[in-house]
Asker: 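Got a structure for you, written out below as structure tokens; questions coming shortly.
Side-chain atoms are counted along with the backbone in the values below, which use heavy atoms only and exclude waters and symmetry mates. It should be emphasised that the depicted structure is a prediction, and the values quoted were computed from it without experimental measurement.
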Amino acid sequence: MTKLKMTMLRIKMFSLLVFSILLSCSGSGEDASDNLKVEISSGVNNIIPSSTRSCEEEAKGTLVAGSVTNYFEVPTPVIVWQGSKTSEVRVEVLKLTVESAQIGKYECTLSSSSLNILFWKREYDKDKNVLVSSWDHHLGANSADTITSTSELKAKGYTSCPIKCGGVSIKKDSIKFTAKGKWELIAIEKRYAADNSSYEEFPLKVTGEFKVQNPF
């Protein structure tokens, strides 16, 4: 098994674990998903039959054709936490799914470092080596960047990167088409006691739609 396939398998297993936690906690009466606002463009995104640099490659300033091929881009999401001042949210997984006759079923899953690198900043050490830091995918109380919205990261020196979903396979002889997609974001709220001595965790889920098209 190649390193890429092993990485993809780990991502899928992690995603399944988070989804199972969410389902097991549903119906608890503690869902605060309305406090988590996610803005992802519902516009049409072209499927491009070429390559582009990943967000990590962009952050490092890598001058290559790019490792993301047969891809579509979705503008960088804006994620806002409107919960109490004694709570924080940890974004765990963002999954985009497209299913159509021309594509079949396609999934693009971002978690951990692939979520972090949607917001990055580049610095250099004394030897001019590239140092890349990224968002810690937390919002609210105790988040490393002390923010409640990803829109605040720009003022802290971060560059945003669009979601880049590669490996889209279009069936042979498919002509120009548009397909609807769905996205779902899963996060965990950490709700602290008034004295900050303890906390409880609650799963959150936000969903939406987008579109992709083959313009050729």
Side-chain angles (χ1 to χ4, degrees), residues 1-23 26 33 36-59 62 64-79 91-120 137 150 160-187 203-216:
M1 184 179 290
T2 66
K3 184 177 180 180
L4 177 59
K5 287 183 179 179
M6 289 179 66
T7 301
M8 293 303 295
L9 180 61
R10 290 192 189 101
I11 290 173
K12 287 183 179 180
M13 291 177 66
F14 178 76
S15 179
L16 287 172
L17 175 62
V18 173
F19 276 105
S20 66
I21 292 172
L22 178 71
L23 290 173
S26 61
S33 295
L36 184 62
K37 306 299 181 183
V38 184
E39 295 179 19
I40 296 180
S41 172
S42 59
V44 180
N45 308 281
N46 289 337
I47 300 171
I48 309 297
S50 62
S51 62
T52 189
R53 294 186 297 169
S54 67
C55 291
E56 185 176 7
E57 289 167 337
E58 283 190 16
T62 308
V64 295
S67 62
V68 183
T69 59
N70 296 333
Y71 69 98
F72 64 85
E73 286 188 356
V74 176
T76 316
V78 175
I79 307 171
V91 182
E92 296 286 2
V93 175
L94 174 58
K95 184 170 77 169
L96 297 87
T97 305
V98 181
E99 190 165 7
S100 73
Q102 300 87 353
I103 297 175
K105 186 173 183 179
Y106 170 83
E107 293 183 351
C108 175
T109 303
L110 288 77
S111 61
S112 188
S113 60
S114 58
L115 270 171
N116 296 8
I117 204 67
L118 291 178
F119 301 92
W120 57 265
H137 63 97
T150 56
S160 61
C161 185
I163 299 168
K164 302 184 181 189
C165 293
V168 182
S169 179
I170 299 175
K171 294 182 179 179
K172 189 177 179 181
D173 300 325
S174 294
I175 57 175
K176 182 177 179 178
F177 66 87
T178 300
K180 289 183 179 179
K182 294 182 179 180
W183 60 262
E184 47 192 345
L185 184 144
I186 292 178
L204 310 175
K205 181 179 179 180
V206 185
T207 63
E209 297 181 346
F210 67 101
K211 296 177 183 177
V212 298
Q213 72 171 3
N214 175 28
F216 305 106

Asker: Is Glu58 paired with Lys164 through a side-chain N to carboxylate O contact shorter than 4.0 Å?
Answerer: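 A salt bridge is present here (some side-chain N lies under 4.0 Å from a carboxylate O).
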Asker: For Gly181 and Val98, which heavy atoms make the closest approach, and how far apart are they?
Answerer: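 Between these two residues, the closest heavy atoms are CA-CG2, 4.1 Å.
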Asker: To check you understand the geometry: which heavy-atom pair defines the closest contact between His137 and Val91, and what is its length?
Answerer: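 Closest approach of His137 to Val91, heavy atoms only: ND1-O, 2.7 Å.
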Asker: Can you find a heavy atom in the side chain of Ser42 that is under 4.5 Å from one in the side chain of Phe210?
Answerer: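 Ser42 does not reach Phe210 side chain to side chain.
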Asker: Go through it in stages, so that I can follow the logic: the residues are Trp183 and Val74, the test is side-chain contact (heavy atoms from CB on, under 4.5 Å), and I'd like the CA-CA distance, side-chain angles, deciding distance and then a yes or no.
Answerer: CA-CA 11 Å; Trp183 60 262; Val74 176; over 6 Å; no
Asker: Which atom pair, heavy atoms only, marks the closest approach of Leu115 to Glu92?
Answerer: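 Distance-wise, the nearest heavy atoms are CD1-O, 3.4 Å.
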Asker: Drop me the distance from Thr150's OG1 to Glu39's CD, to the nearest 0.5 angstrom.
Answerer: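 Going from the OG1 atom of Thr150 to the CD atom of Glu39 covers 8.5 Å.
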Asker: Search all heavy atoms of Tyr106 against all heavy atoms of Gly167 and return the closest pair with its distance.
Answerer: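 Minimum heavy-atom separation between Tyr106 and Gly167: CE1-O, 3.8 Å.
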Asker: Going from CD on Glu209 to CD1 on Ile40, what distance comes out if it is rounded to the nearest 0.5 angstrom?
Answerer: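 If we round to the nearest 0.5 Å, Glu209:CD and Ile40:CD1 are 12.0 Å apart.
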Asker: With rounding to the nearest 0.5 angstrom, report the OG to CZ distance, Ser67 to Arg53.
Answerer: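 Ser67 OG to Arg53 CZ: 10.5 Å, rounded to 0.5 Å.
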Asker: Taking the side chain as everything from C-beta on, heavy atoms only, tell me whether Leu185 gets closer than 4.5 Å to Leu36.
Answerer: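 Result yes, sub-4.5 Å side-chain heavy-atom pair found.
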Asker: To the nearest 0.5 Å, how far apart are CD in Gln213 and NZ in Lys176?
Answerer: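 Output value for this atom pair is 5.5 Å.
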Asker: Taking the side chain as C-beta and beyond, is there a heavy-atom pair between Val168 and Val212 under 4.5 Å?
Answerer: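 When only atoms from C-beta onward are counted, Val212 and Val168 do not touch, as no gap falls below 4.5 Å.
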Asker: Tell me, do Pro49 and Tyr71 make a side-chain contact under 4.5 Å, heavy atoms counted?
Answerer: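 They are not in contact (no side-chain heavy atoms under 4.5 Å apart), so the answer is no.
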Asker: Answer yes or no: is there a donor N or O on one side and an acceptor on the other, between the side chain of Ser33 and the main chain of Lys205, under 3.5 Å?
Answerer: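 At least one qualifying donor-acceptor pair exists.
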Asker: Just so I know, are the side chains of Leu118 and Pro77 near enough to count as touching, which here means a heavy-atom distance under 4.5 Å?
Answerer: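 Touching, per the 4.5 Å side-chain cut-off.
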Asker: Calculate, to the nearest 0.5 Å, the distance between atoms CD1 and CZ belonging to Ile103 and Phe177 respectively.
Answerer: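 Between atom CD1 of Ile103 and atom CZ of Phe177 there are 4.0 Å.
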Asker: Side chains of Ser100 and Gln102 only: does a donor on one sit below 3.5 Å from an acceptor on the other?
Answerer: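 Short answer, yes.
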Asker: Less than 4.5 Å apart, any side-chain heavy atom of Leu110 and any of Leu96?
Answerer: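 Side-chain contact under 4.5 Å: yes.
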Asker: Hey, could you give me the CG/CD1 distance between Leu94 and Ile163, rounded to the nearest 0.5 Å?
Answerer: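 The distance works out to 5.0 Å.
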Asker: What I'd like to find out is whether the side chain of Pro75 reaches to under 4.5 Å of the side chain of Asn45, using heavy atoms alone.
Answerer: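 Touching, per the 4.5 Å side-chain cut-off.
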Asker: Just wondering, are more than 12 heavy atoms of other shown residues or ligands nearer than 6.0 Å to NZ in Lys37?
Answerer: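 For Lys37, atom NZ is crowded (more than 12 foreign heavy atoms under 6.0 Å).
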